[in-house]
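Everything below concerns the one structure shown next.
What you see is a predicted model; the values in this text were computed from it and never measured. Residue numbers count from 1 along this sequence.
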Amino acid sequence: MMMKYIGTMTLLVLCIGVLIAGQLHWTNKIEQASTVKATSTEKKSSSNEKLPFQEVQDVELKETMELAAWNHGSARVLIAGSDSIGTEEEGLAEQVSKRLEEAYGGAITVKHLEYEGNSIDFLAENKVEDYVDFKPDVFIYEPLLLNSNGIEDAVMTTNEMIDTVLEALQAENEGLYTILTPPNPIYGATYYPREVDDLKEYAEKQAITYVDHWSAWPDHQGEEVKDYLNDAQSAPNEEGVKIWANEILNLFGL
């Protein structure tokens, strides 16, 4: 009888020991899992902090900028066109550059180049080399439409000039992301709006991103549009720059 009692007690102690050991084992497993999950969350959060282009809406543009920043420290953005885009001190290019640099800091490098001639002059002077030297990852281009307006041969050469520019830039960077944009509207124009429509059609056929900022301006056939242009209508004034710049910056999530 005594032996049976001792055996029962021994079995009971062993059972309790197994239960306690099992509880400790699973508690340890849960703690380890929590630690791994917390570490993973911290790494993910840290990773997100290192990618500054999270607000960029266009997936291809975002990936281009992220890859560029990873490969050479910053995404190089070139803004090029006629005097319509302004100068280093003022105008569209200055405003877009400023906003991009404020938003993305050292992760982005912005340059802008203006050209006073038309498409024929540009090709004859081989000005594309100025663009190639910068080796852009993102190319925002106003292809001299106002400068070529009224010169039939120059108008007819516009698409050839764009093709030449993109071919040269893509030879240096196959992953180039291009954004085409027309210059500012002008009051009462007849042929110029048709040239802008032709640029939009070209962009669509070539699957190039096109910033249709004219839709955000007052009607170019109405006098109100003059309130957004300089006296010569060759470039936007401060209010016109805001309209044009905002349409471009929307692509960058700004």
Side-chain angles (χ1 to χ4, degrees), residues 42-115 122 126-144 161-183 203 206-211 213 236 241-254:
E42 289 173 4
K43 286 182 178 179
K44 184 177 180 181
S45 176
S46 176
S47 175
N48 286 339
E49 290 174 2
K50 293 177 183 178
L51 298 175
F53 306 118
Q54 297 303 299
E55 300 303 318
V56 177
Q57 301 299 307
D58 186 285
V59 174
E60 185 180 351
L61 175 59
K62 177 183 174 183
E63 290 177 349
T64 297
M65 296 176 74
E66 288 178 343
L67 183 60
W70 176 264
N71 286 337
H72 42 254
S74 69
R76 294 185 291 249
V77 178
L78 175 61
I79 308 171
S82 66
D83 292 343
S84 180
I85 68 171
T87 66
E88 291 185 2
E89 289 76 30
E90 61 181 0
L92 171 80
E94 186 273 335
Q95 282 297 307
V96 172
S97 299
K98 181 180 178 181
R99 290 280 301 281
L100 288 174
E101 288 167 350
E102 287 175 349
Y104 300 123
I108 197 167
T109 301
V110 187
K111 182 174 183 176
H112 40 97
L113 294 170
E114 308 89 46
Y115 180 69
F122 184 92
N126 197 30
K127 284 294 184 178
V128 67
E129 290 302 316
D130 294 342
Y131 299 173
V132 172
D133 287 344
F134 184 62
K135 295 180 174 61
D137 303 295
V138 178
F139 181 45
I140 303 173
Y141 194 32
E142 181 275 291
L144 313 178
M161 180 193 67
I162 300 173
D163 289 340
T164 300
V165 169
L166 295 185
E167 182 179 345
L169 292 178
Q170 289 167 350
E172 292 291 329
N173 181 358
E174 293 182 0
L176 177 75
Y177 186 95
T178 300
I179 299 168
L180 286 178
T181 177
Q206 300 298 323
I208 296 172
T209 298
Y210 180 79
V211 176
H213 63 94
V241 165
K242 288 179 183 177
I243 294 175
W244 191 357
N246 284 339
E247 295 299 307
I248 292 175
L249 290 166
N250 281 341
L251 284 173
F252 295 87
L254 303 176

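Evaluation of the side chain to side chain donor-acceptor pair (under 3.5 Å) rule for Y104 yields no partner, not counting sequence neighbours. E114 is linked by a side chain to side chain donor-acceptor pair (under 3.5 Å) to H112, counting only residues two or more places apart in sequence or in another chain. Scored by the side chain to side chain donor-acceptor pair (under 3.5 Å) test, S97 finds no partners at all (sequence neighbours excluded). Listed by chain and residue number, T109 satisfy the side chain to side chain contact (heavy atoms under 4.5 Å, CB included) test with S74 (two or more places apart in sequence, or in another chain). Residues meeting the side chain to side chain donor-acceptor pair (under 3.5 Å) test with Y115, sequence neighbours left out: E125.
Checking side-chain atoms of Q95 against main-chain N and O of E90 turns up no donor-acceptor pair under 3.5 Å. Checking side-chain atoms of H213 against main-chain N and O of P182 turns up a donor-acceptor pair under 3.5 Å. When atom types are taken as modelled, the side chain of R76 and the backbone of K135 share a donor-acceptor pair closer than 3.5 angstrom. Judged by distance alone, with hydrogens and angles left aside, the side-chain atoms of E142 form a donor-acceptor pair with the main-chain N or O of L144 at under 3.5 Å.
Between atom CD1 of residue I208 and atom OH of residue Y141 there is a gap of 11.5 Å, rounded to the nearest 0.5 Å. Atom-to-atom distance recorded for I108:CD1 and E101:CD is 7.5 Å, nearest 0.5 angstrom. Atom NZ of residue K242 and atom CG of residue L249 lie 13.5 Å apart, to the nearest 0.5 angstrom.
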Discussion item. For a side-chain contact (heavy atoms from CB on, under 4.5 Å) check, start with the C-alpha distance between R99 and E94, then their side-chain angles and the critical distance, and finish with the verdict.
Written reply: CA-CA 9 Å; R99 290 280 301 281; E94 186 273 335; over 6 Å; no
Fill in: Test log, rule side-chain contact (heavy atoms from CB on, under 4.5 Å), inputs K62 and V59
CA-CA 5 Å; K62 177 183 174 183; V59 174; 5.7 Å; no
Item to complete: Determine, stepwise, if the pair V132 / L169 fulfils side-chain contact (heavy atoms from CB on, under 4.5 Å).
Response: CA-CA 6 Å; V132 172; L169 292 178; 4.0 Å; yes
Worksheet item: So I79 and V110, side-chain contact (heavy atoms from CB on, under 4.5 Å) or not? Walk me through it.
Response: CA-CA 8 Å; I79 308 171; V110 187; 3.9 Å; yes
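Nearest heavy atom pair, residue Y131 against residue G81, reads OH-N, 4.3 Å. Residue L254 comes nearest to A103 through the heavy atom pair CD2-CB, 3.6 Å, listed as atom of the first residue, atom of the second, then distance. Nearest heavy-atom pair across S84 and P236 is O-CD, 3.4 Å.
Between F53 and F252, the ring center distance fails the sub-6.0 Å criterion. Taking the six-membered ring for Trp and the full ring otherwise, F139 and F134 have centroids separated by 6.0 Å or more.
Within the 4.5 Å cutoff, the side chain of K127 has no heavy atoms near those of the M161 side chain. In this structure, the side chains of L251 and V211 come closer than 4.5 Å at one or more pairs of heavy atoms. In this structure the side chain of V77 never reaches within 4.5 angstrom of the side chain of K111, judged on heavy atoms. Residues V128 and N126 form a side-chain contact, since some pair of their non-hydrogen atoms from C-beta on lies under 4.5 Å apart.
Shown here is E55, whose CD atom has no more than 12 heavy atoms of other residues, nucleotides or ligands within 6.0 Å.
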Quiz: residues 170-181 side-chain donor-acceptor pairs under 3.5 angstrom, not counting sequence neighbours:
residue : atom : partner : partner atom : Å
N173    : OD1  : G175    : N            : 2.9
N173    : ND2  : P136    : O            : 3.1
N173    : ND2  : D137    : OD1          : 3.2
Y177    : OH   : D58     : OD1          : 3.4
Y177    : OH   : D58     : OD2          : 3.1
Y177    : OH   : T209    : OG1          : 2.5
T181    : OG1  : W244    : NE1          : 3.0

